[in-house]
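Side chains are part of it too, since the values below use all heavy atoms of this structure and drop only hydrogens, waters and symmetry mates.
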Amino acid sequence: MAEENRGTSAGSHRRRAGGKRGRRRKPAPRRRGWRIAAWTATGVVLAGGAGAGILYYKFNGNLSSVDINAALGKNRPENIDNGSQDILVLGSDSRAGANSAYGRDEGSSRSDTAMIVHVYAGHKKASVVSIPRDTIVPRPACRTSGGKTSPAVKSAQFNEAYTVGGAACAVATVEAMTNIRMDHYMEVDFAGFQKLIDKLGGVEVTTTKPIKDKWSHLDLEPGTHTLNGEQSLGLVRTRHGVGDGSDLGRIKLQQAFIKALLDQVKQIGLFTSPTKLYGIADTATKALTTDRELASVDKLYSFANGLKGIGSGDMHMVTLPVGDDPADHNRVIPITEASGRIWDALRADRPIPEDALKDGAGTKTGADDVVK
C-alpha cells in the first residue's frame, strides 16, 4: 500500500502530453465551487479552503495523500492529451476509529463505493460510471502495506484490491479494467461523510417507497425528508431496504442521493456565515484523501476551478453493465462487449452509448426511482 502523508504535496501537478493539462483559467467567484466529487466533500473543501486565508495551513494539514504515481511507476495506460480528465472516487468502509459504529474492525478496509468520473474536454459535462463492489475482475500485482508484493490474480472481487494494496492497488485495478489512466484519486470515509452532511445541515430527498433496513439504521416512509448525516450514510449504504437487495440497487440510491446533494450545496449560501464555512471546510478536509498531486488546498482549488460549470444536470450517471458470475451467483462479472464500449467511448472522450447500458446493470433492480 502506498504510504499516506498528511499536509504534504510533492511534485508538480501532472500534465498530459504537451503540457496542456496544466493550464488554468482565471478563477471564478468562490461561491460557485466544485460540483463533482465523492459525496461533494471536495467541493466544500476547495470552497472553504480558498476562502480561509489565515486558516490555509490548518486545512492543508488536515488532508491525507497517497503518492499514486510513485507507487505505480510507468507501467500504466497512455496519458492521452485530449483535454479530458478521469478521477477514481472511492468511499472507504474502514471500521477503525470513528467508523467503528458501523461494524467490527477486522484490521482491513474495502472500497464500499467506487466511481470513475470522466470530465469531458471543455469541462462542461461529465460521465460517472459506478462499479459494483462485488464485481469479479482480474487484479494486477500490488504492493501491500507491509512492503511485500501480492501476486496478480485472474479473478478477484473488485473491492478487495483496496484491502490488498490500498489506493494504489485500487487505481491499478481500475486502469487494468479500463485501459484508461486515472488522472486523480479521491476518497472519503464513513465517519467523514456523516459529519460533512451534518455540517451542511442535512440533505433533502423525496422517497417514493418505504425504505427500512435495520443494518443501516434506516426507517423512512414515502415522502420528503431532510436526512441528517447518519440517515444519509444509511441511505447510501443500504442494500437490504429496497429492491432486490443487490449492490446494483444500492448504487441506484447512491446516484440519486449524490444528485440531490449537488443540487442542494449550491443553494446553501456558505459564504454568508464564516463560522459555518469554517466548520464545513475543516470537516471536509479531514474526511478527504487524494493523490499527492492534489494534496493541498490551493491545488484542489485550482483543479476544481476548471470544473465549476458542471452541475447535477450535466452528469450522466451509469452503472457498469454486469451479469451473474457463473462460478458464484452472489457475485457479478462485467459484460465484456458492453463494458468495452463504455471504456472505448471514455477513452476517446465521447458520450457513453445508451445501447451499451441495455444489458446487465441497465435492468431494473427494484431500486429505480425510489429516491428523487
Side-chain angles (χ1 to χ4, degrees), residues 11-28 32-38 40 42-43 46 68-69 72 74-90 114-131 167 170-187 255 258-259 262 290-295 299-321 334 338-357:
S12 61
H13 184 77
R14 179 161 54 86
R15 297 184 172 96
R16 290 185 184 267
K20 296 181 181 179
R21 286 287 307 283
R23 298 174 183 170
R24 290 289 182 266
R25 301 174 183 173
K26 184 179 179 180
R32 297 188 65 183
W34 186 39
R35 301 189 181 109
I36 184 167
T40 67
T42 43
L46 39 94
I68 302 293
N69 288 338
L72 300 187
K74 297 181 179 180
N75 187 25
R76 303 179 67 185
E78 180 185 1
N79 210 354
I80 300 173
D81 180 20
N82 61 11
S84 66
Q85 290 184 323
D86 295 281
I87 306 108
L88 176 61
V89 178
L90 295 185
M115 300 178 179
I116 297 172
V117 179
H118 178 86
V119 180
Y120 291 96
H123 295 185
K124 300 297 184 183
K125 292 184 179 296
S127 285
V128 181
V129 182
S130 295
I131 303 174
V171 171
T173 300
V174 166
E175 292 186 344
M177 287 174 58
T178 64
N179 195 28
I180 298 173
R181 185 180 179 115
M182 295 295 108
D183 297 296
H184 293 296
Y185 171 83
M186 295 182 177
E187 176 188 330
Q255 293 172 344
I258 290 171
K259 287 197 171 187
L262 289 170
T290 72
D291 60 277
R292 184 71 63 85
E293 283 67 34
L294 287 182
K299 289 185 178 181
L300 273 172
Y301 180 75
S302 179
F303 168 71
N305 189 56
L307 307 178
K308 63 183 180 294
I310 299 176
S312 64
D314 304 311
M315 291 192 299
H316 185 202
M317 304 189 77
V318 305
T319 305
L320 179 69
S339 59
R341 293 182 64 197
I342 291 175
W343 307 138
D344 288 345
L346 297 188
R347 199 177 303 112
D349 200 37
R350 298 194 307 265
I352 293 174
E354 289 297 328
D355 57 0
L357 304 172

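Contact annotation: the side chain of Asp291 never approaches that of Met182 to less than 4.5 Å [non-hydrogen atoms, C-beta and beyond]. Within the 4.5 Å cutoff, the side chain of His123 has heavy atoms near those of the Gln85 side chain. Between Arg181 and Leu72 the shortest side-chain heavy-atom distance does not fall below 4.5 Å. Looking at Thr319 and Gln255, their side chains come closer than 4.5 Å, going by heavy atoms from C-beta outward. Counting only heavy atoms from C-beta outward, the side chains of Asp355 and Arg341 approach each other to under 4.5 Å. Side chains of Leu346 and Val129 form a contact here, defined as non-hydrogen atoms less than 4.5 Å apart. Between Ile352 and His316 the shortest side-chain heavy-atom distance falls below 4.5 Å. Side-chain contact between Met177 and Ile131: present, with at least one pair of heavy atoms (C-beta onward) separated by less than 4.5 Å.
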side-chain contact (heavy atoms from CB on, under 4.5 Å) between Ile87 and Phe303, worked out: CA-CA 12 Å; Ile87 306 108; Phe303 168 71; 4.1 Å; yes
* Does the pair Leu357 and Ile342 meet the rule for a side-chain contact (heavy atoms from CB on, under 4.5 Å), with working shown? -> CA-CA 9 Å; Leu357 304 172; Ile342 291 175; 3.7 Å; yes
Could you go through the side-chain contact (heavy atoms from CB on, under 4.5 Å) check for Leu294 and Tyr185 one step at a time? CA-CA 9 Å; Leu294 287 182; Tyr185 171 83; over 6 Å; no
Could you please spell out the steps behind the side-chain contact (heavy atoms from CB on, under 4.5 Å) verdict for Ile310 and Met315? CA-CA 7 Å; Ile310 299 176; Met315 291 192 299; 4.0 Å; yes
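Counting all heavy atoms, side chain and backbone alike, Ala170 lies closest to Leu90 at CB-CD1, 3.9 Å. The minimum heavy-atom distance between Pro321 and Ala356, with the atom names listed, is CG-O, 3.4 Å.
Summarising the geometry, atom CZ belonging to Arg350 is positioned 12.0 Å from atom OG belonging to Ser127; distances are rounded to the nearest 0.5 Å. The distance from atom CH2 of Trp343 to atom CD1 of Ile180, rounded to the nearest 0.5 Å, is 6.5 Å. Between atom CD1 of residue Ile80 and atom CG of residue Asn179 there is a gap of 7.5 Å, rounded to the nearest 0.5 Å. Summarising the geometry, atom OG1 belonging to Thr290 is positioned 9.0 Å from atom CD1 belonging to Ile68; distances are rounded to the nearest 0.5 Å. Taking CE of Met115 as the start and CE of Met186 as the end, the distance is 14.0 Å to the nearest 0.5 Å. Residue Lys74 holds its NZ atom at 12.0 Å from CG of Asn69, rounded to the nearest 0.5 Å.
For Thr178, there are no side-chain hydrogen bond (donor to acceptor under 3.5 Å, both in side chains) partners, not counting sequence neighbours.
Between the side chains of Asp349 and His118, at least one donor N or O sits under 3.5 Å from an acceptor N or O.
A salt bridge links Asp344 to Arg347: at least one charged side-chain nitrogen sits closer than 4.0 Å to a carboxylate oxygen.
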